[in-house]
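The first residue in the sequence is number 1, and the count goes up from there. What you see below is based on every heavy atom in this structure, not just the backbone, and it leaves out hydrogens, waters and symmetry mates.
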Amino acid sequence: MTCDPRVLRRPLLVGLIPAVWTVVLGLWGLSRQNSVWRDEAATWQVARRSTGDIVRMLEHVDVVHSLYYLCMHGLFAGFGPSTTVLRLPSVLAVAAAAACVALIGHRLTGAYVGLGAGLALGLLPAVQFYLQEGRPYALVAAGSAVSTLLLVNALRGRARKRTWAAYACAVLVCGWLNWLALLILPAHLITLLWSRAPRGVRVRWAVAAGAATAGVLPLALFSLDQSGQVSWVPPLTWHMMIGPAILLAIGGLGGLLGRRTGTGTAPGTGMGAAERTGVAGRTDRTGRADRTDLAGPPDLANRAGRPGPTGTVEPPDLAGPPDLANRAGRPGSAGTVEPPGPVTGSPSVAAVGLPLLAVPQLGLIGLSLVKPLFVDRYILFSLLGLALLIGALIGRAVDEVARRSRPAARCVLPVLVAVALVALLPQSLAKRSPASRVDDVLAAAERTRQLKHDGDGVLFIPAARRDTWLVTPDAFTGTRDIALAETPEKSGTLKGVEASPARVRAAMLAQRRILLVTDATGVARPTRGRRDRTKAEVLATHFTLVSDERIRGRRVAVYEHLAPAGGG
């Protein structure tokens, strides 16, 4: 298997191949053996509510995910709740991100870099995890990829008013999916400065970025009142910096090698070194590359940048006025090299990829010094930059092989992808198993269905484990939630409102059998609330344990009363 040169000359295929590749990776084991974990359970149970109930809930909790919940509500209403409907948006989003990354690499440097970056994105372990996740982080990555592609187009002289309007909309949507996505703006600013973008481009970017920020700011301010939701995030520690440090080291290496190879120094051509060999580029009035294969005797081949009789490659010898020399990418009268066509900022892969990788990572670390927020999924979109820089490394490898054998160079990318796929296969399989998540709501609900008796009381410790009932209410038919005072829909909460500890105690003592759904050992946290302590105390004092099973991170236990129902 080799990379067909005809594919390398078609940007549409350069974007389409990684997209299809990512969809295949996403559909592989999509249901995770019909498992849903607690974070996805929140999406599931909220999406099943009416629009009015969702809006009422957002006033109290999870407003940061408001747009995502409303979108998933529409999908569940149209297609019904299932693991496929829950996760397919993330699969398609990462596929779109892979296509955008491939196009960015193609336009900045060449097709090999673009294909390598797009194919690498779907193989990154963290991306594989959230590729099949019913949460908004993959959608944020897709929007970030779209906005970065629009920025690259603007820097290459293809910006119109609608380009900047689309850029502002993409950033706005990302911010409404998760306002931490605004960390992409300082990354893009560094790209602009690194690329020495003209003042006009910088001004238009500032206007677009300001408009997007203004649109997201109300959501960010409102969500501050719900900051207790992230109280579980631990304070920043040194060992938490190991992951970002490794990512930045890999990214820095990719940026360095990308700048030292032909694949990182030919912006605007859409070709890597291996592709440029034997092809001379000229641009038309629109700045698009019009590549002509120059055949002829050895001396003409050398003048066109093709191998001569000695096998060495010489730069094109294009005679003509200085402007023609500049358009061909050769030194002009001032001795500087200008890219082909009306390219403005002419960014390199490093100028786009390094800030995109580093700024969100470092920015979230900085925010976490004030308020613990460092969770890798919040900045999943930063891995777009890592994929671009990995693409630069692949481009370097192609260049090195091309110097010895052009046919062999076409095999480099398929071989590297195959090796990476095999090397990452254990992780890929692990991330597609139920054990890859903390727990499994559906497995616990199915076991409850098997153990329940009509008239049983049900308890959830903590109350958040009520998601087992909210996701699959039919599994609890015939039972009664004895601690619940107000349903989640009526209370506008995720887990509902429970009765006072005294009322919970009285309700428990009136039951003959109680089903307990809680966290398994190793997952459970210490019981802190007075209500949960009351539940545990009454079970230990007045009930006997008759069945206790641990199912994928959750525990389903059956208790029977020591005294006749109604006794105390």
Side-chain angles (χ1 to χ4, degrees), residues 97-98 101-102 104-105 108-109 112-130 137 141 144-145 148 180 183-184 186-191 193-195 234 236-265 347-369 373-400 412-413 416-417 419-424 426-428 431:
V101 166
I104 291 169
L108 292 180
T109 304
Y112 280 112
V113 173
L115 279 173
L119 296 173
L121 181 66
L123 286 174
L124 295 176
V127 173
Q128 288 201 58
F129 189 96
Y130 294 105
Y137 310 111
S144 301
T148 304
L180 286 173
L183 288 171
I184 199 172
H188 285 172
L189 176 59
I190 291 176
T191 296
L193 298 177
W194 190 337
S195 305
L236 202 62
T237 59
W238 284 110
H239 80 271
M240 295 170 68
M241 301 296 96
I242 297 175
I246 293 174
L247 292 178
L248 294 177
I250 296 173
L253 179 63
L256 178 63
L257 293 181
R259 293 184 64 187
R260 292 175 59 189
T261 179
T263 60
T265 56
S348 65
V349 170
V352 176
L354 278 177
L356 188 54
L357 171 63
V359 172
Q361 299 277 344
L362 298 177
L364 190 59
I365 290 173
L367 291 174
S368 297
L369 296 176
L373 283 174
F374 193 82
V375 182
D376 59 354
R377 60 178 176 262
Y378 294 164
I379 50 172
L380 180 69
F381 62 91
S382 69
L383 297 184
L384 301 171
L386 180 62
L388 276 172
L389 296 167
I390 290 175
L393 289 173
I394 293 173
R396 174 65 182 271
V398 171
D399 279 358
E400 293 296 328
V412 171
L413 178 57
L416 289 177
V417 170
V419 169
L421 184 62
V422 172
L424 293 172
Q427 283 205 47
S428 300
K431 294 183 186 305

Would a 4.5 Å heavy-atom cut-off, applied to side chains only, mark [X] and [Y] as touching?
X      : Y      : answer
Pro125 : Lys431 : yes
Leu180 : Leu367 : yes
Pro360 : Phe381 : yes
Leu354 : Val359 : no
Thr148 : Ile184 : yes

Worksheet item: Looking at Leu356, Val101, Leu124, which one forms a side-chain contact (heavy atoms from CB on, under 4.5 Å) with Leu383?
Response: Leu124
Taking every non-hydrogen atom, the tightest pair across [X] and [Y]:
X      : Y      : answer
Ala420 : Leu123 : CB-CD1, 4.0 Å
Leu384 : Ala97  : CD2-CB, 4.0 Å
Ala350 : Leu389 : CA-CD2, 4.2 Å
Ser348 : Leu108 : O-CD1, 3.9 Å
Ile394 : Gly116 : CD1-CA, 3.6 Å
Ser195 : Ala351 : OG-CB, 3.9 Å

Mind checking the [atom1]-[atom2] spacing from [X] to [Y]? Nearest 0.5 Å is all I need.
X      : Y      : atom1 : atom2 : value
Ile242 : Leu247 : CD1   : CG    : 12.0 Å
Tyr378 : Leu364 : OH    : CG    : 9.0 Å
Leu248 : Leu362 : CG    : CG    : 5.5 Å
Leu421 : Ser428 : CG    : OG    : 6.5 Å
Leu357 : Leu386 : CG    : CG    : 5.5 Å

Fill in: Polar side-chain atom of Ser368 near backbone of Leu236 as donor-acceptor pair, under 3.5 Å
no
Worksheet entry | Donor-acceptor pair, side chain of Gln361 and main chain of Pro244, under 3.5 angstrom | no
Fill in: Parallel, tilted or perpendicular: rings of Tyr137 and Tyr130 (30°, 60°)
perpendicular
